[in-house]
Amino acid sequence: MKHDIQLMVNGDSYSLAIDPSRTLNQVLREDLNLTGTKLGCGSGDCGACTVIVDGRSVSSCLTLAVEVDGKEILTVEGLAPSGEKLHPIQEAFIEKGAIQCGFCTPGMELSAYHLLSQNPTPSEQEIREGLSGNLCRCTGYNKIVEAISVSADRMNRKPSKRKSR
Amino acid sequence: MNNYSVIGKDIPRVDGREKATGAAIYTDDIKLPGMLHGKLLRSPVPHARIRSIDVSKARRLPGVKCVITGEDTPKIKYGNWRLFPATQDEYPLAVDKVRFIGDEIAAVAAVDPDTAAEALELIVVDYEELPPVFDVLASVRKNASIIHETSPSNISVDRKIAYGDIKKGFAESDYVREDIFTVHPVSPAYLEPCSSLAQCDQDGRITLWTSTQTPYIVQCLLASTMGMRENDIRVIKPNVGGGFGGKMELRPWEFCAAFMAKLTGKPVKFTLTREEELTTGRRRHPMRLKSKVGFKKDGTLMAKDLHIYLDGGAYNAMGPTATFLCGNFGAMLYRYPNYRFIGQHVYTNKPPASAMRGFGAPQSLFAAESQMNMAAEELGIDPIDLRIKNAMVTGDTIPDVATISSCGFIESLEAVREMSNWKRNRKKNKKGYGIGIGCYSFISGGVFNWFNTQYPFSAAEVKVFSDGTAHLLTMASDIGQGANTVLKQILAEELGLKMEDIRLTAADTAMTPQADLGTWGSRVTLMAGNAIKDAARQIKDVLFGAVSSHFDLNVIFDLECKAGRIQATGKPERGMAFGEAVAMVQKTNRGIPVTAKGYYTPRGKGLVTPAFSFGAQVAEVDVDQETGVVQVKKMYTAHDCGTVINPMAVEGQLEGSIHMGLGYALSEELVMKDGKTLSNTFLDYKLPTAMDMPPGESVSIETYEPEGPMGAKEAGEGLASPTAPAIAEAVYNATGYRCKDLPITPEKILKK
Amino acid sequence: MKRSGFDYYAPESISEAVVLLSDLGENTFVMAGGTDLLIRKRHGMIFPDAVVALKKIKGLDRISVGPKKGLVIGATALLADVAAHKGIQNKYPAISDAAKNTANVQIRNMGTVVGNLCNASPSADNAPALLALGATLSIAGPQGDRTLALEDFFLGPGLTALKPAEIVIAATVPPPPANSGAAYVHLSARGKVDCSAVCIGAHIELQGRKVNNARLFVGACAPIPMRTPRAEKTVMRKVFTEKLAEKAGAAASEEALPITDVRATQDYRNSMVAVMTKRALLLAHKRARS
């Protein structure tokens with residue numbers, strides 16, 4: 001039996017009738033065409049599918065869409081909603097060489113977003129712990145850690161410019 | 001001499017923004033109207049004859065649109081080594097026999113993935129099981145079960161490299177040692193699982209979007225296995241989420257997507273699961289390496305005798321190349337006056353091994369570098385001193401195989417010695433602390449035409465416009481390493497344009513010039529870069545001629561492309577804007593566009609590569625004495641990759657290599673039991689995480705490679721090799737445990 | 001075989017949940033965070049006909065630390081919240097350590113401590129610490145509510161003492177006695193983020209310098225998280241020293257019944273039980289003294 005759900009994704013509201021076994025990852029990618037959220041393993045080990053639900057980072061591959069009915073979801077497409085000015089995390093990722101193949105990037109950025117929302121001034125060790133659920137095969141992580149550290153500094157310098165969602 | 005404006009700069013990736021915003025399209029992101037979803041039925045047994053396959057129930061399941069087995073296909077074998085058809089041993093779907101757990105037997109296309117998966121369970125296969133072999137030594141034994149009738153010995157490829165007189169070399173040695181090393185299978189573990197989507201137009205032509213490193217190879221082999229003409233197949237490479245060697249062949253799902261698209265008239269997409277990737281996907285060759293080396297008392301290398309069994313799994317894949325390269329790398333780094341290598345590629349009933357970052361070098365250099373460290377200890381010579389004493393230098397040769405045209409190896413060794421405070425830290429007596437060294441050399445693309453292409457190895461088309469922009473078309477494939485950025489940099493530098501002035505169309509076999517052999521063996525910067533330089537030179541010839549004529553310049557004047565202008569060198573006033581010059585040339589040719597095609601094929605460069613990179617790496621570790629758990633504290637790297645085109649990109653490659661080397665040394669292993677891969681998720685196939693990755697220091701040793709564009713050569717792939725032997729030596733230095741069978745596990749350390 | 005699709009129920013009260021579980025067929029699964037359930041479904045280990053989700057039940061995610069009742073962790077309290085809870089970090093650091101060491105950030109933002117127990121995985125990170133601290137489970141079911149010692153809960157891999165239609169509502173840990181300390185330590189042999197090859201929960205009470213009570217549990221080394229009574233006996237009524245902790249470790253190692261799997265071999269696990277038990281005791285002792 002299909003369930004009617006209401007999702008608030010990147011500020012847009014969607015009414016959907018879905019089979020309860022469908023994951024949030026499937027609904028985002030297949031129904032809403034938000035393909036920025038990737039699927040790397042399907043079992044919560046790689047973090048490529050990470051999205052933010054009500055302020056927390058979760059694996060969208062292990063989240064039933066029906067369970068996030070009525071909740072606020074942020075995907076990589078929502079990080080820079082205007083389409084012009086990028087989020088400081090995105091800017092730093094580009095600038096610092098934290099991106100190679102790019103498949104882990106959306107998940108990495110959202111894990112960074114979650115981390116910085118909980119801890120705006122993380123130490124290097126805390127950044128590394130914050131990325132413990134995100135695998136990257138290309139970069140060796142060090143440039144990603146640097147990018148997050150740089151974006152934290154920048155976000156702290158101008159706290160009024162960007163409100164956390 | 002270096003007054004480049006774009007080369008040598010930390011240019012951010014040209015695709016950074018689309019990747020940072022999630023806008024970058026990967027194959028599985030593409031959806032076409034009416035698209036069907038494909039799934040593959042794989043063999044649950046390691047070795048069997050197929051008596052029969054019954055697909056009738058699967059075909060009847062509502063939602064299923066197409067089911068095929070090997071019997072429905074043209075039954076044409078394929079393999080990358082087209083030059084030697086006997087090595088082409090694979091069918092897209094099994095015909096008569098299955099040879100490993102995971103061998104593809106049948107394919108289903110249905111309205112959704114769940115229906116396709118359900119249909120797979122309705123296919124009934126009757127197997128006559130055959131005795132399997134899982135181990136190279138068992139496989140080469142007399143009376144072992146034969147895996148391919150064409151190779152009754154189970155040895156599919158034999159390669160030999162020999163020069164000098166090893167008998168004499170050993171006889172004249174004061175110190176000889178022989179060791180056997182074994183290395184384990186690991187997964188490329190690119191984050192993007194393989195995905196392919198095929199569409200068939202009304203004329204029967206195929207368009208295939210696929211996650212590949214080699215669109216041209218896929219185009220050709222797909223054509224031959226489908227019994228079609230090459231020009232009727234168009235392969236497009238969207239963004240690719242990493243490859244590392246694992247995506248450089250035609251794969252069954254590419255064939256099935258295309259074949260079923262043709263049968264059904266609907267687009268068909270296959271996307272593998274991570275479990276499929278890990279349990280059946282291509283992997284780095286496990287090897288058994290027997291190595292004997294001889295030295296004089298003073299450390300002078302006298303001879304080496306190397307025998308390697310490559311555990312190829314069920315099919316050749318890129319095994320023939322790996323077989324040759326592991327022997328080539330056995331002879332690299334040092335001057336072996338007498339050398340013999342015999343490599344044998346052995347079939348076993350396991351998932352096929354193939355190319356993976358380093359292509360035979362990580363295995364071979366683990367053995368060679370570990371043995372070097374052992375010999376240094378027994379000879380009482382510092383490992384770095386011993387290396388410097390025997391190190392290759394520019395101009396050295398491997399007879400009949402290769403010439404070293406640029407080499408910064410000694411400089412690399414000296415640099416890591418300095419950076420790591422080697423002399424002091426080797427003597428450090430802290431419990432659990434250790435420091436060790438490993439080195440590497442690698443190729444900048446291959447010169448041996450195993451694919452038997454009739455095209456140049458790389459090609460580029462450059463179009464320039466009166467608005468001061470250029471369009472670069474190349475079949476070269478960016479799979480995440482940053483080729484698109486580096487190739488644009490090379491053209492921007494050549495034409496004096498800005499990065500944003502260049503439009504790039506890449507890796508579409510119907511749109512970009514024939515051909516490019518793809519991304520493997522660190523060939524792209526050198527080969528595609530040279531093709532771009534060739535095209536740019538032709539453009540410049542035309543523009544320079546026009547500008548020279550316009551300003552009535554003396555013929556002895558040099559001209560240059562600089563800051564968007566074409567001018568007499570150093571005289572901006574005697575020149576014009578780039579676009580103006582283009583317009584002028586067009587006018588004189590009655591409107592004909594200004595374009596050029598450039599090509600590169602290495603010639604007269606021996607059997608291996610036009611250019612070798614070199615480098616050295618030092619690892620510092622802390623070993624928990626009670627648990628045996630190794631923590632790598634820091635890595636120091638010095639590497640010679642010729643001219644560095646993009647330092648930030650090179651550093652990214654370097655750090656990625658250390659990550660992969662760290663996994664190879666300590667945590668990654670495809671654990672096998674009776675032909676079955678047990679490590680089927682990332683929970684149990686352990687990639688190092690951000691918490692495991694050590695900090696590093698690195699330095700580039702600048703040499704100038706005469707064959708490379710702007711003097712550049714390989715960067716980043718070869719670095720997959722030194723990390724494991726460096727860590728192994730550091731662990732030995734810390735604990736006395738000498739690893740001769742990777743990976744290094746806490747248990748092995750405690751048991752020493 | 002049914003591959004896809006299941007019915008989904010999200011009751012808003014415990015009694016409603018129990019009624020649903022009684023009414024629905026046997027192939028119904030209770031879901032808290034879902035992180036384990038969906039993986040098992042993916043790997044074809046289960047094919048649920050129905051799922052009863054607990055997250056809509058108000059108050060079930062509570063975490064409370066009180067002087068009398070001790071620590072109560074509701075069935076849907078997230079691992080991340082237990083790990084970050086200041087009261088738990090202060091009074092029950094072994095429990096926050098265990099929660100913090102479970103899986104990765106995202107899984108901790110979805111999964112629950114009680115769910116980790118109910119899956120009854122031999123290597124469940126949260127079990128040894130809670131066992132060492134003498135946790136009990138509050139269970140609701142068609143026959144009414146009951147309380148069960150966590151020690152009596154695990155029956156085998158994936159098997160618990162829950163009867164049909166029963167639900168664990170909360171785990172309760174009594175207030176720590178005076179002069180006591182507890183610790184959770186684990187060994188990830190293949191990197192910092194790894195399934196524990198061995199994990200230990202230890203709890204000791206001191207009387208002066210002597211050990212007055214000890215509870216030691218080992219995870220990932222038997223079909224269920226197991227108690228090591230001989231190791232406990234080794235330290236009882238003795239003056240605590242590092243040597244003594246080492247002896248207890250050796251005893252625990254003899255008691256443990258590990259197997260070889262992809263993550264570690266039997267031999268290695270056996271010797272690591274000794275090392276980790278020692279380390280857990282040392283940390284518990286340190287905490288008991290401060």
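Every chain is numbered from 1 and lettered A, B, ... according to where its sequence line falls, protein lines coming before strand lines.
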Among [options], residue most engaged with chain A (heavy-atom pairs, under 4.5 Å):
options	value
B/P688, B/P695, B/A23	B/P688
B/T271, B/L662, B/L191, B/T485	B/L191
B/Y26, B/F244, B/Y190	B/Y26
B/A649, B/A690, B/G16	B/A690
B/G656, B/P694, B/A20	B/A20
B/Q653, B/E192, B/E275	B/E192

Measure [X] against the heavy atoms of chain A and call it side chain, backbone, both or neither at under 4.5 Å.
X	value
B/D28	both
B/S195	neither
B/A189	both
B/E18	neither
B/T273	neither
B/I479	backbone
B/E651	both
B/D29	both

Check step by step if side chain to side chain contact (heavy atoms under 4.5 Å, CB included) holds for A/K96 and B/M648. CA-CA 8 Å; A/K96 294 292 161 194; B/M648 183 164 73; 5.6 Å; no

Let me confirm one number: the SG-CG distance from A/C46 to A/N134, rounded to the nearest 0.5 Å. 8.0 Å

Contact check, side chains of [X] and [Y], non-hydrogen atoms, under 4.5 Å:
X	Y	result
A/V27	A/L16	yes
B/L654	B/T637	yes
A/L135	A/C104	no
A/L24	A/V51	yes

Atom group of [X] that falls short of 4.5 Å from chain B, counting heavy atoms:
X	result
A/E95	backbone
A/L39	backbone
A/T139	backbone
A/N33	side chain

Check whether any side-chain N or O of [X] sits under 3.5 Å from a backbone N or O of [Y] as a donor-acceptor pair, and report yes or no.
X	Y	value
A/T75	A/T37	no
A/D19	A/K2	no
B/T115	B/V111	no

With a cut-off of under 6.0 Å to the ring centre and 45° to the axis, is B/R284 in cation-pi contact with B/Y664? yes

Pick one: which of B/E277, B/E668, B/R274 meets side-chain hydrogen bond (donor to acceptor under 3.5 Å, both in side chains) with B/Y685? B/E668

Could you have a look at A/Q125, A/K38, A/K143 and say which one has the most heavy-atom pairs with chain B under 4.5 angstrom? A/K143

Evaluate the criterion salt bridge (charged side-chain N to carboxylate O under 4.0 Å, His left out) for residue pair B/D114 and B/K39; output intermediate values, then yes/no. CA-CA 9 Å; B/D114 281 345; B/K39 290 267 178 203; over 6 Å; no

